[in-house]
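What follows is a single structure, written as C-alpha cells, with notes after it.
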Amino acid sequence: MRLTVPAVVVLGVLMVVLIRGQRLRGGPAAVAVAFGFQLAHGQAAPAITETCRLVAQFIGRLHL
C-alpha cells in the first residue's frame with residue numbers, strides 16, 4: 001500500500017509538535033513560516049521542489 005502525504009502537511013505537523021513541546025516559540029515559528037513563503041516564491045523554488053521530489057522518491061524506494 002502506498003501512502004502519499006504532502007510535504008506541507010508533514011512540516012505543519014512538525015511545526016505544531018515543536019511549538020507544543022515548547023521547543024519553538026511563536027515568534028520564531030512565524031519567522032520560519034514567512035521564510036518558507038518567501039522561498040516558495042523565490043528563484044530557488046524550482047531547485048527546492050526538485051530536491052524534495054528526489055528525496056521523496058529515494059525514501060519511497062527504501063524497503064524498511
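When reading the values below, keep in mind they use all heavy atoms of this one structure, side chains included, and skip hydrogens, waters and symmetry mates.
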Check whether any side-chain heavy atom of Val16 lies under 4.5 Å from a side-chain heavy atom of Arg20, and answer yes or no. yes
If you group Ile, Leu, Val, Met, Phe, Trp and Tyr by side-chain heavy-atom gaps below 4.5 Å, do Ile48 and Ile59 land in one group? no
Hydrophobic cluster membership, Leu18 vs Phe35, 4.5 Å side-chain cutoff: no
Report whether Leu14 and Val33 are members of the same hydrophobic cluster (ILVMFWY, side-chain heavy atoms less than 4.5 Å apart, transitive linking). yes
Apply the test side-chain contact (heavy atoms from CB on, under 4.5 Å) to residues Phe58 and Leu54: give CA-CA distance (whole Å), side-chain angles for both, the deciding distance (0.1 Å), then the verdict. CA-CA 6 Å; Phe58 175 75; Leu54 291 172; over 6 Å; no
Nearest non-hydrogen partners of Ala45 and Ala40, listed with the distance: CB-O, 3.3 Å
For Gln43, does the CD atom sit with more than 12 other heavy atoms under 6.0 Å from it, leaving out its own atoms? no
Are Arg23 and Val17 packed together at the side-chain level, in the sense that at least one heavy-atom pair is separated by less than 4.5 angstrom? no
